[in-house]
Amino acid sequence: MEFRRLGRSGLTVSAISYGNWLTHGGQVEEDQALACVRAALDAGITTFDTADVYAATRAESVLGRALSGQRREGLEIFTKVYFPTGQGQNDQGLGRKHITESIHASLRRLGTDYVDLYQAHRYDPTTPLEETMSAMADLVHQGKVLYLGVSEWSPEQIAAGAELARQLRVPLVSNQPQYSMLWRVIEPAVVPTCEREGLSQIVWSPVAQGVLTGKYQPGAELPAGSRATDEKAGGAEMISRWMRDDVLARVQQLRPIAEQAGLSMAALAVAWVLQNPNVASAIIGASRPEQVRDNVAAAGVTLEPELLRRIDEILAGVARRDPEQPV
């Protein structure tokens, strides 16, 4: 396993993180989820990412049970707050009340006294940023949170949050965006802003919801049990934007590159995001332990410039770089 520093902080994380957005408490049974976590630990993964909203809070509970008995000092446990976790009018957003109540609930579900990184899952335009950052800072001062992060914030929002974090003397160290060969919208402005402000990226969906594994063939029926057919898990709608024959045909052209690099298609996709120096960790999800072991092969891999150039040429016209670009 490769390890990298998170932002300009003293926190080291595994270059491959294990996340449980669409799996724990939802897509897979708990025994299988526990097996995947064991495979992650055996592969050297120390960083685990979840959120209070995943599987209606069940994902945190499953992860807490899976990590029970592990040496806490050897793990980096991340979670998030923002989306609704109840029916009350204050059961969502980034107001002080919801943040305070959410961290306590997350700690109970995770079975820990603190989380290493607490992330604002989205920006909350209905709450003053000063209130959000002050509430987060209080959690740091109380020792319940060690570092702060955001997810899917705009460059302007990140810069404003970083300025307040400096004033409050708390470490805002990361952004968690979607990023893959097919989804590159953070490159023009988000990454430069984060580099300037001392934040790293912890990227989600590096295999583009499974499209970059190559298992979806142009003109073919969708594989049974795949994410593209699993409406219950919540991934089908997101993956649908890539379910076009022109995209799928281009992805198939990546197969010789993966073979040349000695990687599976999935591992090539994970390795690709890790070539970006502002990426500290790539979050992988898994429904089977062998998927974990396959993805971890991307850690420490250096892709030659010629391979990166060929990837760019193959995906020209289908990789999305502008958030407003139609798909």
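As the structure is a prediction and not an experimental result, all values here were calculated from the model.
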[Y] and [X] side chains, donor-acceptor separation under 3.5 Å:
| X | Y | value |
| --- | --- | --- |
| Gln291 | Ser287 | yes |
| Tyr179 | Glu187 | yes |
| Gln178 | Arg320 | no |
| Ser205 | Gln209 | yes |

Residue list, salt bridge (charged side-chain N to carboxylate O under 4.0 Å, His left out) with Glu304, at least two apart or on another chain |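 Partners of Glu304 under the salt bridge (charged side-chain N to carboxylate O under 4.0 Å, His left out) test: none.
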With sequence neighbours left out, write down each residue that passes salt bridge (charged side-chain N to carboxylate O under 4.0 Å, His left out) with Asp246, or none if nothing qualifies.
->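 Asp246 satisfies salt bridge (charged side-chain N to carboxylate O under 4.0 Å, His left out) with Arg244 only.
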Any donor-acceptor N/O pair, [X] side chain to [Y] backbone, under 3.5 Å:
| X | Y | result |
| --- | --- | --- |
| Arg8 | Glu195 | yes |
| Arg293 | Val296 | no |
| Gln217 | Leu248 | no |
| Ser281 | Ala15 | yes |

I'd like to check [X] versus [Y] (side-chain heavy atoms, cut-off strictly below 4.5 Å). Are they in contact?
| X | Y | answer |
| --- | --- | --- |
| Ser106 | Val115 | no |
| His141 | Val170 | yes |
| Glu101 | Asn90 | no |

Roughly how far apart are [X] [atom1] and [Y] [atom2], rounded to 0.5 Å?
| X | Y | atom1 | atom2 | value |
| --- | --- | --- | --- | --- |
| Leu303 | Ile257 | CG | CD1 | 9.5 Å |
| Arg255 | Leu268 | CZ | CG | 11.0 Å |
| Thr57 | Arg108 | OG1 | CZ | 10.5 Å |
| Ser134 | Leu129 | OG | CG | 10.5 Å |

Are Asp312 and Arg184 ion-paired here, with the side-chain N under 4.0 Å from a carboxylate O?
->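 Looking at Asp312 and Arg184, the cut-off is met.
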Presence of salt bridge, Arg58 and Glu30, under 4.0 angstrom |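 Salt bridge absent between Glu30 and Arg58.
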Mind checking side chain to side chain donor-acceptor pair (under 3.5 Å) for Arg309 and listing every partner two or more places apart, or none if nothing turns up?
->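 Arg309 satisfies side chain to side chain donor-acceptor pair (under 3.5 Å) with Glu306, Glu313 once adjacent residues are dropped.
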Under the side chain to side chain donor-acceptor pair (under 3.5 Å) test, residues paired with Ser14 that sit two or more places apart |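 Expected list: Thr47.
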Does the pair Phe83 and Arg122 meet the rule for a side-chain contact (heavy atoms from CB on, under 4.5 Å), with working shown?
-> CA-CA 8 Å; Phe83 288 107; Arg122 292 295 186 272; 3.5 Å; yes
What do the steps show when you test Leu11 against Leu146 for side-chain contact (heavy atoms from CB on, under 4.5 Å), and what is the final call?
-> CA-CA 9 Å; Leu11 182 64; Leu146 302 187; over 6 Å; no
Let me see the working for Ser102 and Tyr118 under side-chain contact (heavy atoms from CB on, under 4.5 Å), right down to the final yes or no.
-> CA-CA 11 Å; Ser102 289; Tyr118 201 38; 3.6 Å; yes
Anything under 30° is parallel, anything over 60° is perpendicular, the rest tilted; go ahead and classify Trp242 against Trp183.
->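 The rings of Trp242 and Trp183 stand perpendicular, inter-plane angle above 60°.
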Donor-acceptor list for residues 35-42 side chains, cut-off 3.5 Å, not counting sequence neighbours:
none

I'd like a table of donor-acceptor pairs (distance under 3.5 Å, sequence neighbours excluded) in which one partner is a side-chain atom from residues 155-162, with atom names and distances.
{"from": "Glu156", "atom 1": "OE1", "to": "Ser154", "atom 2": "OG", "distance (Å)": "3.4"}
{"from": "Gln157", "atom 1": "OE1", "to": "Ser154", "atom 2": "N", "distance (Å)": "2.9"}
{"from": "Gln157", "atom 1": "OE1", "to": "Ser154", "atom 2": "OG", "distance (Å)": "3.3"}

Go through the steps to decide whether Asp49 and Trp204 satisfy the test side-chain contact (heavy atoms from CB on, under 4.5 Å), and finish with yes or no.
-> CA-CA 10 Å; Asp49 179 82; Trp204 59 274; over 6 Å; no
